[in-house]
Structures are given as structure tokens and as C-alpha cells.
Amino acid sequence: MRAPSVIRDVTWQKSSFSGGGGEACVELATHADDILIRESDTPAHVIRTTAATARAFLTRVRRLP
């Protein structure tokens, strides 16, 4: 995953798995061809990755016992 640069003008979407009312929620956004991931209680810390890398990660996680 690549280090984030300054990211502006994106619309963050809260994960449907996040509980209501809490600040500790995973949020996702897209920027150019990248997927952005952050935790709502630390919004300055953003992980930037490609869709292909995110897809590969999720595929492996789903295969875990």
C-alpha cells in the first residue's frame, strides 16, 4: 500500500458493519483510481491502495478459517 498524499474533495462512506453513534468506524472513499481507507476517530491517517490490491486483500481475508 502506498503512503497517502494530501487528499481533498472526497466523499467518505461509513462501513455498514460500523455500529451506530460511535466514532470508531471504518470509512472508505475513492480518489482517481485509488481506494482510500481511514478510521473515523483518526481521519488524518489514510491508507491509499489500488482496487486490485484491495480486492486481493479481501479475497485472502475471506479464505481465513
Side-chain angles (χ1 to χ4, degrees):
M1 296 188 191
R2 295 178 281 151
S5 58
V6 176
I7 300 165
R8 296 187 176 104
D9 300 327
V10 298
T11 302
W12 291 96
Q13 180 177 340
K14 186 186 300 187
S15 169
S16 61
F17 289 100
S18 297
E23 285 298 315
C25 302
V26 175
E27 297 176 323
L28 302 171
T30 58
H31 182 263
D33 292 329
D34 293 333
I35 305 288
L36 310 176
I37 306 165
R38 71 179 185 182
E39 190 171 337
S40 59
D41 65 343
T42 54
H45 299 126
V46 176
I47 296 172
R48 177 184 281 199
T49 189
T50 65
T53 301
R55 190 177 307 110
F57 172 76
L58 292 172
T59 298
R60 288 199 143 220
V61 168
R62 288 181 182 131
R63 290 182 183 163
L64 291 175

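Computation of the quantities below employed the complete heavy-atom set of this structure, encompassing side-chain atoms and omitting hydrogens, waters and symmetry-equivalent molecules. Nothing fancy with the numbering, it's 1 onward along the sequence.
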Taking all heavy atoms of K14 and all of E27, pick out the closest pair and write down the distance.
CA-CG, 4.2 Å
What's the spacing between I37 CD1 and R48 CZ if we round to 0.5 Å?
12.0 Å
Could you go through L36 and I47, starting from their C-alpha distance and side-chain angles, then the distance that decides it, and tell me whether this counts as side chain to side chain contact (heavy atoms under 4.5 Å, CB included)?
CA-CA 6 Å; L36 310 176; I47 296 172; over 6 Å; no
F57 CZ to I35 CD1 distance, which is reported to the nearest 0.5 Å
13.5 Å
At what distance, to the nearest 0.5 angstrom, does OG1 of T53 lie from CG of L58?
11.0 Å
Kindly give the heavy-atom pair with the smallest separation between P43 and S40, and that separation in Å.
CD-O, 3.3 Å
